[in-house]
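Scroll down for the structure; my scribbles are underneath it.
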Amino acid sequence: MTESKRVGSDVLFGLEAKPPLRVAMGAALQHLLAIFAGIVTPALVLCGLCGATPGLTRHVAGMSLLISGVSTFIQIHRFGGVGSGLLSIQGTSSGFIAVYAGMAAAGLARGDSAEQMLGLMLGMGLVCALVEVGLSQMLPWIRRVITPLVAGIVITLIGLTLIKVAVLQVGGGAEALKAGTFGAPRDVGLALFSAGVVLTLNRLKNPWFRMGALMYGMVAGTILAALLGAVPVPVWDGAWVTFPVPFKIALSFRWEWVLPLSLMYLASTIETVGDITATSMVSGEPTEGDLYERRLRGGILADGVNSMLATVFSTFPNTTFSQNNGVIQLTGIASRRVGMWVAGFLVVAGLLPGVSWMFTLVPRSVLGGATLVMFGTVAASGIRLMGHSGFGRKNLLVVAASLGLGMAVTLEPRILSQFPGWAQQLFGSGILTGTVAAIVAQALVGKEEDAKQ
């Protein structure tokens, strides 16, 4: 097949170009502003749900930064068949929070410690990452079964499920629930203020404010919380420099979480296909042909391998970040050298516990307000993807069945209370139930192009 370059590309520095140091550093800083807060957010949310100590939270957040840097280097540099070879920035995936939150809830019910709950998340993440490794070699099958409509439904369900997690943070988190102060006006007010800052900055024309809106929202919310006396500063009890230690948190495994987490890796694969295609487009690179297919396979394979690496070093699965495509488009710089600078900055930040310590100061309500917007954006992206497939009669039936069943078990989990434990565990996930329903419904009603218009 003939490889086609993107027509009318505005790329100033292509993939192999060597932009001046000043230009490369400026572009790298914009990438960092776009991803920094997003990388540490899963660690802050999940450690909070598990009741982890500040020291443990700081460690997981630091490893999130460090491994994101290493993963970015692998993805960009391309080792053998691993990596896209594009300016594809990697970071800790927020999509997995939906399933991991369920693991945390089950662990709390069993009386597990924070390290035991995190160990289960990491162990399951390590084993199930093999799903994405396998899917990297099955692209034709993925495209046939997971249509853009199904992919949109999956992403929408992930976003809607994550909103529930964000609202828990808005109310003050698990600590507020225990103390009976959940939903205090001060916490809700801080959350709304943080969300308002994120939304306001996203409206501005200045790309520096737009790209860093999530981080700026957290900073502004934390400053306001400090002025209100709502930021307790933990005592520093760690080293100033740390180094990664494999399996520092003991891993564990439970069979009932294999299917839900495997589905999340499928969703991550779908996301990566879209991200790498978008990166190719904005970089002026082929979006069809053998080279594109190799990059796609290598990018998905790198996602799986990097996710396994992340869990070994006490953090959560990695994925390609879509927001960096916006940075490439804005700057016109698609050079891989910029990605090397980004990777280096992330590694250094991960080695300095003081960086992740600053993020642990963010109050739960401020984190909730910022992530409420972020997770809502995930759902909106899914809706937009569904819209690209059209809302004809058949597609509407598929959407209605999948969202209806997926949200049914999410909003009223007691509907499965009379079913066996394994069924409750599997289908209690709205993401899994909705995805299965979408695939089955699409097979039953047929694709929209088959319908008579």
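Residue numbers count from 1 along this sequence.
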Quiz item: Any luck finding a side-chain donor-acceptor pair between Asn318 and Ser307 under 3.5 Å?
Solution: no
Quiz item: For the side chain of Asp187 and the backbone of Gly183, is there at least one donor-acceptor N/O pair under 3.5 Å apart?
Solution: no
Exercise. Ignoring hydrogens and angles, state whether a donor on the side chain of Ser283 or Thr279 is under 3.5 Å from an acceptor on the partner side chain.
Key: no
Self-check item: Check: Trp357 ring centre within less than 6.0 Å of Phe359 ring centre
Solution: no
Exercise. For Ile431 and Leu263, run side chain to side chain contact (heavy atoms under 4.5 Å, CB included): C-alpha distance rounded to whole Å, both residues' side-chain angles, the deciding distance at 0.1 Å, then the answer.
Key: CA-CA 8 Å; Ile431 301 169; Leu263 180 65; 3.8 Å; yes
Quiz item: Centres of the Phe243 and Phe313 rings: under 6.0 Å?
Solution: no
Quiz prompt | Salt bridge flag under 4.0 Å for residues Arg295 and Glu285 | solution = yes
Indicate every side-chain donor-acceptor pair of residues 115-126 with a distance under 3.5 Å to a residue at least two apart or in another chain.
unit_1 : atom_1 : unit_2 : atom_2 : d
Gln116 : OE1    : Ser113 : N      : 2.8
Gln116 : OE1    : Ser113 : OG     : 3.4

Self-check item: Donor-acceptor pair, side chain of Ser335 and main chain of Phe13, under 3.5 angstrom
Solution: no
Quiz item: Can you find a side-chain donor-acceptor pair between Thr315 and Ser64 that sits under 3.5 Å?
Solution: yes
Quiz prompt | Crowding at CZ, Arg203 (>12 non-hydrogen neighbours, <6.0 Å) | solution = no
Exercise. Keeping the roles fixed (side chain from Arg58, backbone from Ser356), state whether a donor-acceptor pair exists under 3.5 Å.
Key: no
Self-check item: CZ/Phe182: more than 12 non-hydrogen atoms of other groups inside 6.0 Å
Solution: yes
Practice problem: Classify the angle between the aromatic ring planes of Phe73 and His77 as parallel (below 30°), tilted (30 to 60°) or perpendicular (above 60°). | Solution: parallel
Quiz item: Do Arg336 side-chain atoms and Ile76 backbone N/O form a donor-acceptor pair below 3.5 Å?
Solution: yes
Quiz item: Between Ser262 and Cys128, which heavy-atom pair has the shortest distance, and what is it?
Solution: OG-SG, 3.9 Å
Self-check item: Close side-chain approach of Asn206 and Phe209, heavy atoms under 4.5 Å
Solution: yes
Quiz item: Quick check: does any side chain N or O of Ser268 sit under 3.5 Å from a backbone N or O of Met264, one acting as donor and the other as acceptor?
Solution: no
Quiz item: Any donor and acceptor pair, going by atom type alone, linking the side chain of Ser94 with main-chain N or O of Pro42 inside 3.5 Å?
Solution: no
Quiz item: With distance as the sole test, does Ser88 use its side chain to make a donor-acceptor pair with the main-chain N or O of Gln75 at under 3.5 Å?
Solution: no
Practice problem: Give a yes or no answer on whether the side chain of Thr371 reaches the backbone of Met374 with a donor-acceptor pair at less than 3.5 Å. | Solution: no
Exercise. Check whether any side-chain heavy atom of Asn324 lies under 4.5 Å from a side-chain heavy atom of Leu87, and answer yes or no.
Key: no
Quiz item: Would you say Leu149 and Ile153 make side-chain contact, with heavy atoms under 4.5 Å?
Solution: yes
Quiz prompt | Derivation of the side chain to side chain contact (heavy atoms under 4.5 Å, CB included) call for Leu346 and Ile35 | solution = CA-CA 10 Å; Leu346 290 174; Ile35 64 175; 4.1 Å; yes
